[in-house]
Amino acid sequence: MAIVLSCAWCVPALSRLDAAALELGSTPVSRLEMVVASEPSQTQSGWLCRAFCSLPSGAVGHVWLACSERLPVGERLRAVGRFSANEDDEWGLSSRAAGLVGRVKVVRVLEEAPPEGVHAALGGLRGCVLGAIDPSSGPGAALLAGLVAGERTELKARGISDEFAAAGLAHLVAVSGSHLAVFSSVVEAALVALGVSSKSRVVAGLGLCAAFVALCGAPASALRAWVMLAASRSARLVGRRGHAPSGLALAGLAVCLANPHCACDLGFQLSVLSVASLVLFSGWFEAAAANVLGGHRSTWRSRLPRMLRGPLSKLGRYVRSSVCSSLVCQAATLPLVVASFGRVSLVSVLSNLVVGPAFAPLLCVALAALTVCWMPVVGPVALCAARLFAGAVVEVVGWLASLPLASVAATAPGWAALVPLVVGSVLLSTWPRPSPRALRMGCTALFVPLVALALRLYVLVPPSVTVLDVGQGDAILIRDGPHVVLVDTGPADTITPALARHHVAWLDAVVVTHLHDDHTGGIDELAGLVSSGDVLVGRGVGANLGSLEDDVERLARNGVEELGVGDSLRVGGFKITCLWPDEPTDGSENEDSVCLLVEYEGLRGEMSVLLTGDAESDVLQAVVPRAGDVDALKVGHHGSRVSITTEEAAELAPEVAVASAGEGNSYGHPTPECREVLEGAGSTFLCTIERGDVTLEPDPMGVRVTSQR
């Protein structure tokens with residue numbers, strides 16, 4: 001029945017989506033009445049939120065609404081703007097899957113009307129809550145706003161969201177089942193204390209929990225949790241026992257039938273996978289862990305004083321339960337997390353052990369503080385205590401996120417998503433009795449190849465220089481064994497998958513050649529993914545970082561250093577020498593680019609590579625005599641028409657020239673003129689558009705070149 005209902009509902013939903021896109025494309029935006037449907041998130045160009053538009057035909061189209069000002073949920077407006085339908089890129093496909101037909105860019109607001117009805121009531125309550133918390137007052141207040149109101153703007157601005165993600169604790173700041181469980185427990189306790197009857201408690205509790213979900217913006221994961229809670233409480237009223245798998249199935253079907261596009265919501269998918277893995281497999285893994293540790297546990301318990309045995313046994317059960325739950329959830333969601341975020345947290349088990357016990361008390365303290373915040377003396381004291389508690393949690397999470405290898409870039413093939421499904425199906429169908437001997441042998445057999453694989457991928461890496469395929473931008477890896485330097489970070493949202501492809505988990509340094517977005521767009525991603533010893537910029541640029549300063553400070557463990565002509569650094573067997581700039585610059589122009597000569601000499605052979613950032617032929621006039629004959633050239637400014645002259649190409653005489661450019665770029669990079677000049681000098685010309693990542697390695701016979709394609 002569920003399959004029939006789903007097909008009957010979802011197919012027309014997609015047809016309605018296409019019809020709405022066509023109608024929106026032919027209707028002036030100024031004729032539409034738009035209503036803000038979600039909390040806005042801040043972007044570099046303003047605010048972005050979801051909205052639904054009332055179309056002339058009577059249909060409703062859901063769109064992304066981009067505006068220069070922040071709009072509250074429920075706000076109704078008419079505006080002059082531009083509508084653009086979804087394209088066939090990753091963003092467009094994900095928007096279509098979420099039920100959005102495109103994007104409306106507001107140029108000028110014509111009319112505004114404040115929220116009405118439920119939206120007005122919830123907006124007023126939300127405003128009171130956030131006003132009492134004051135998220136901008138500090139990290140603790142920002143965390144409280146995320147926990148009790150789903151307001152994460154300040155968390156993102158301060159980089160706290162990245163720290164929680166790196167520590168494997170993102171679920172604690174995304175309102176979901178754990179939040180609702182704590183909230184419902186607090187409400188239940190309060191209603192019992194007031195003497196409310198059991199049936200009235202169920203109705204009142206579900207109503208208050210629904211209000212809490214709405215206050216937090218009603219994310220799909222929280223809706224799923226509320227439906228599960230409603231199923232469980234309703235079953236209790238009619239004398240049925242609670243059964244978590246059935247509750248999860250009912251909740252998933254109800255949410256997806258109410259809104260088919262929820263099935264494509266990442267938060268909903270992660271929430272369902274986590275809960276499913278917990279209710280199905282956590283018990284088996286806890287029993288297996290108890291079996292493996294059983295003999296050792298009885299030995300050390302017998303040696304302890306009697307008064308310590310009880311508390312330590314409880315602590316041991318908590319540790320075992322927490323570790324098993326964390327591992328089960330991480331294993332079930334790992335393929336989806338890697339595919340979506342390109343990273344995996346290696347400290348999530350430790351983080352859940354350390355921070356997990358503080359989550360429920362923190363949420364309870366926050367709710368209690370907000371309940372009494374109106375009182376003259378008690379209110380400010382309670383809020384201050386809650387902020388201090390939350391601030392301490394933020395500090396601990398920051399420490400966990402800063403641990404070496406806390407979070408590493410990762411990639412996985414598409415079929416990896418089937419692995420948890422197959423393993424889970426086998427385990428459910430066989431349900432083997434956990435044998436201590438078999439489990440120990442299995443863990444040992446798995447541990448040895450995993451260690452060998454980690455050494456091969458992250459430590460025993462041959463010396464190489466790789467021009468990464470990051471689209472219309474620059475990012476170059478210089479590696480020798482465990483030592484890695486990244487030169488430029490590419491445009492936004494490109495560096496994480498690139499590092500994952502090459503199994504980079506840490507960086508000795510990051511060099512920023514100049515401050516254009518296509519060379520610095522990935523700095524904020526790196527700041528939440530890896531730690532770096534230094535961030536190196538051109539001489540004079542350190543005082544001109546502007547909006548990048550906070551991200552650079554989070555990324556650089558040892559601070560920012562400046563490079564000028566003659567400065568050099570060592571990366572394993574590589575010597576990297578700065579050839580430009582001659583004098584201090586502000587890093588804002590192509591000619592300010594830091595130019596580097598990368599040289600290797602060792603058992604594997606010799607190699608010299610010239611990296612020129614966006615520098616063109618006028619800068620190369622000074623750089624070429626200092627570099628001399630090189631084996632390889634990273635072509636300046638993506639292979640523009642004036643990136644190099646015939647004379648400069650002849651003097652450098654590179655065997656290989658590599659340009660980094662994006663497919664279909666509007667500049668025509670790399671240009672035919674650049675290609676002809678370098679090929680005329682005897683170079684093999686390669687571009688990331690055709691070749692993907694291009695890797696250069698020293699070899700006794702010359703330079704070994706391999707490419708992704």
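Listed for the E525 side chain is no donor-acceptor partner under 3.5 Å among the backbone atoms of T489.
Contacts classified as ring-ring contact (aromatic ring centres under 6.0 Å, His included) and involving residues 588-607 (residues at least two apart or in different chains) are given here: F574-Y600. Sorted by first and then second residue, the ring-ring contact (aromatic ring centres under 6.0 Å, His included) pairs involving residues 456-476 (not counting sequence neighbours) form an empty list. Here ring-ring contact (aromatic ring centres under 6.0 Å, His included) pairs that include residues 676-709, with residues two or more places apart or in two chains, number zero. Counting only residues at least two apart or in different chains, salt bridge (charged side-chain N to carboxylate O under 4.0 Å, His left out) contacts with residues 657-668 are absent. Listed by first and then second residue, the ring-ring contact (aromatic ring centres under 6.0 Å, His included) pairs involving residues 550-573 amount to none (not counting sequence neighbours). Legend: salt bridge (charged side-chain N to carboxylate O under 4.0 Å, His left out) pairs involving residues 449-466, not counting sequence neighbours: none detected. Within the structure, salt bridge (charged side-chain N to carboxylate O under 4.0 Å, His left out) contacts touching residues 478-496 (residues at least two apart or in different chains) do not occur. Each salt bridge (charged side-chain N to carboxylate O under 4.0 Å, His left out) pair with one or both residues in residues 637-655, not counting sequence neighbours, would appear here, but there are none.
By the side-chain hydrogen bond (donor to acceptor under 3.5 Å, both in side chains) test, D693 pairs with R501, H502, sequence neighbours left out. When the ring-ring contact (aromatic ring centres under 6.0 Å, His included) test is applied to H669, the partners found at least two apart in sequence or on another chain are H637, H638, Y667. For D586, the salt bridge (Lys or Arg N to Asp or Glu O under 4.0 Å) criterion is met by no residue, not counting sequence neighbours. Looking at residues two or more places apart in sequence or on another chain, you find a side chain to side chain contact (heavy atoms under 4.5 Å, CB included) between T494 and V470, P491.
Between V344 and L334 there is a side-chain heavy-atom pair separated by less than 4.5 Å. The shortest side-chain heavy-atom distance between V565 and L579 does not fall under the 4.5 Å cut-off. A heavy-atom distance below 4.5 Å is found between the side chains of L597 and V630.
Considering every non-hydrogen atom in both A661 and I689, the closest pair reads O-CG1, 3.2 Å.
Contact check on K156 versus D162 returns no salt bridge, with no Lys/Arg side-chain nitrogen under 4.0 Å from an Asp/Glu carboxylate oxygen.
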